[in-house]
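Only one structure is covered here, and it is reproduced in the block below.
Values reported hereafter were calculated over all heavy atoms of this structure, with side chains retained and with hydrogens, waters and symmetry mates removed. Counting convention: from 1, in listed order, for ligands and their atoms alike.
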Amino acid sequence: MGSGPAGLTAAIYTARANLHPLVIEGEPSSDSDQPGGQLMLTTEVENYPGFEDGIMGPELMARFRGQAARFGAGYLTAKASRVDFSARPFGIWVGDPEAPEPTYRARSVIVATGARSLMLGLPSEARLLGHGVSTCATCDGFFFRGQHIAVVGGGDSAMEEAIFLTKFGERVTVIHRRKELRASKIMQDRAFRNPKIDFRWDSVVTEILGDGAVSGVRLRDVSSGDESTLDLGGLFVAIGHAPNTDLFAGQLDMDQNGYITTHDGSRTSVEGVFASGDVQDSVYRQAVTAAGSGCMAAIDAERWLEAADHAAEQARAQS
Ligand SMILES: Cc1cc2nc3c(=O)[nH]c(=O)nc-3n(C[C@H](O)[C@H](O)[C@H](O)COP(=O)(O)OP(=O)(O)OC[C@H]3O[C@@H](n4cnc5c(N)ncnc54)[C@H](O)[C@@H]3O)c2cc1C
């Protein structure tokens with residue numbers, strides 16, 4: 001389930017292992033929650049190994065998809081609307097979740113439904129995403145060398161992003177809607193001590209400025225109502241991430257933030273259900289780590305099916 005780097009890598013491996021995978025790839029939308037996943041929202045990807053000149057996100061995902069198709073993976077362009085992991089074979093519904101019978105039954109499921117960055121929700125943000133607006137400093141910081149960069153947010157991830165971005169930007173401004181940060185004391189201290197970081201307190205971004213590339217932001221002071229503009233080369237939105245796991249509530253164990261918990265590789269709390277990629281990783285959140293964990297889930301699923309077949313054969317022979 002899912003056709004980002006994790007789901008499609010799992011599809012390549014399971015197809016080449018002759019397991020005839022069906023990829024339930026998601027539905028077209030303007031969000032990260034679409035076939036191809038989060039990389040469909042970005043432009044240049046420069047850190048995926050094998051592409052020394054970089055590659056556009058959507059083209060990279062088209063290549064993943066084609067590679068899995070070459071080995072026989074099937075695709076369904078739809079979202080799963082319900083799952084039942086309490087009975088075997090597992091049930092997956094597509095379309096009406098109230099339908100009495102599942103649309104598909106599967107002996108094993110790899111969950112790779114990814115995650116999404118929480119966004120400000122401004123039309124200008126959607127227009128400039130991948131053109132100066134980013135949600136990932138590790139991915140895009142390098143593009144903003146020598147520029148004035150801003151980070152929106154006040155938590156640990158926002159501080160991490162801001163500190164990392166000082167390696168590239170000539171100045172990094174943290175824009176936060178309150179007077180104080182939510183980040184841990186240690187992260188606050190690190191950010192306050194960094195001479196390249198300054199803060200705009202009590203401020204919200206009301207518009208991102210620029211035509212084709214970010215040139216600045218319009219800010220509103222939430223206590224005085226005053227408006228101002230800030231010239232920028234790039235804006236990083238760091239107000240949080242959410243895994244796409246609503247579907248699995250009550251069926252798979254998750255951590256306090258809703259990420260699926262895995263053990264012994266990609267195993268979940270239900271035998272035969274495996275999880276890979278950002279849906280179970282709140283730490284690394286990279287295409288290459290998602291692809292790597294998709295490979296792990298495929299190998300785990302293949303070995304689990306093999307062991308289950310072997311056990312069933314032995315039970316038959318003994319009876
Ligand atoms: C703007 C942006 C730029 C980025 N740039 C880079 C970069 O340069 N380098 C890098 O390494 N990483 C980058 N990342 C991070 C990278 O995109 C993610 O780490 C990676 O895509 C995670 O892969 P995934 O397969 O786990 O999930 P995702 O890519 O999130 O894919 C999830 C998939 O699940 C599907 N899905 C969701 N719900 C359902 C459902 N109910 N039924 C069926 N399918 C469902 C979606 O349609 C999608 O196909 C970027 C992220 C963003 C947002």
(message) Salt bridge check, Asp202 against Arg177: does any charged N sit closer than 4.0 Å to a carboxylate O?
(response)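 Between Asp202 and Arg177 there is no salt bridge, as every charged N stays at least 4.0 Å from the carboxylate O atoms.
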
Side chain or backbone of [X] under 4.0 Å from ligand 1, or both, or neither, by non-hydrogen atoms?
X: Glu25; value: backbone
X: Leu247; value: side chain
X: Thr138; value: neither
X: Arg116; value: neither

Distance-only N or O hit between ligand 1 and [X], under 3.5 Å:
X: Leu129; value: no
X: Arg285; value: yes
X: Gln38; value: yes
X: Glu27; value: no
X: Val279; value: no
X: Thr42; value: no
X: Gln286; value: yes
X: Asp278; value: yes
X: Thr135; value: no
X: Ala290; value: no

Do [X] and [Y] get their side chains close enough for a donor-acceptor pair, meaning under 3.5 Å?
X: Gln280; Y: Thr262; result: yes
X: Asp300; Y: Ser266; result: yes
X: His148; Y: Thr173; result: yes

Atoms of ligand 1 less than 4.0 Å from [X] heavy atoms?
X: Ile24; result: 43 (C), 44 (N)
X: Val45; result: 8 (O), 9 (N)
X: Ala115; result: 30 (O)
X: Gly277; result: 26 (O)
X: Gly36; result: 49 (O)
X: Ala80; result: 40 (C), 41 (N), 42 (N), 43 (C)
X: Ala112; result: 32 (C), 33 (C), 34 (O)
X: Gly26; result: 43 (C), 44 (N), 47 (O)

(message) So for Cys136, does at least one of its heavy atoms come nearer than 4.0 angstrom to any atom of ligand 1?
(response)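 False for this residue.
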
(request) State if Pro5 counts as touching ligand 1 under the rule of any non-hydrogen atom under 4.0 Å. (result)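 Under 4.0 Å: yes for Pro5.
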
Heavy atoms only: give me the nearest [X]-[Y] pair and the separation to one decimal.
X: Asp140; Y: Ser134; answer: OD2-OG, 2.6 Å
X: Pro35; Y: Gly26; answer: CG-O, 3.5 Å
X: Ala298; Y: Thr14; answer: CB-CG2, 3.7 Å

(message) Between Thr113 and Asn244, is the side-chain hydrogen bond (donor to acceptor under 3.5 Å, both in side chains) condition met? List the steps.
(response) CA-CA 6 Å; Thr113 49; Asn244 299 320; 5.5 Å; no

(request) Taking salt bridge (Lys or Arg N to Asp or Glu O under 4.0 Å) as the test, write out the residues that go with Glu125, two or more places apart. (result)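 Glu125 satisfies salt bridge (Lys or Arg N to Asp or Glu O under 4.0 Å) with no other residue.
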
(message) Within a 6.0 Å radius of atom CD on Glu271, are there more than 12 heavy atoms belonging to other residues, nucleotides or ligands?
(response)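 It does not: Glu271 CD has 12 such atoms or fewer within range.
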
(message) In the structure I gave you, are the side-chain heavy atoms of Leu60 and Phe51 within less than 4.5 Å of one another anywhere?
(response)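 Answer yes - side chains close enough.
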
(message) Check the orientation of Phe168 and Phe164. Use parallel for under 30°, tilted for 30 to 60°, and perpendicular for over 60°.
(response)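 If you compare the ring of Phe168 with that of Phe164, the planes turn out perpendicular.
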
(request) Could you tell me how the ring of Trp201 sits relative to the ring of Phe192: parallel (under 30°), tilted (30 to 60°) or perpendicular (over 60°)? (result)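 Answer is tilted, since the angle falls between 30° and 60°.
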
(request) Not counting sequence neighbours, which residues clear side-chain hydrogen bond (donor to acceptor under 3.5 Å, both in side chains) with His241? List them please. (result)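 Counting only residues at least two positions away or on another chain, His241 forms a side-chain hydrogen bond (donor to acceptor under 3.5 Å, both in side chains) with Ser117, Arg285.
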
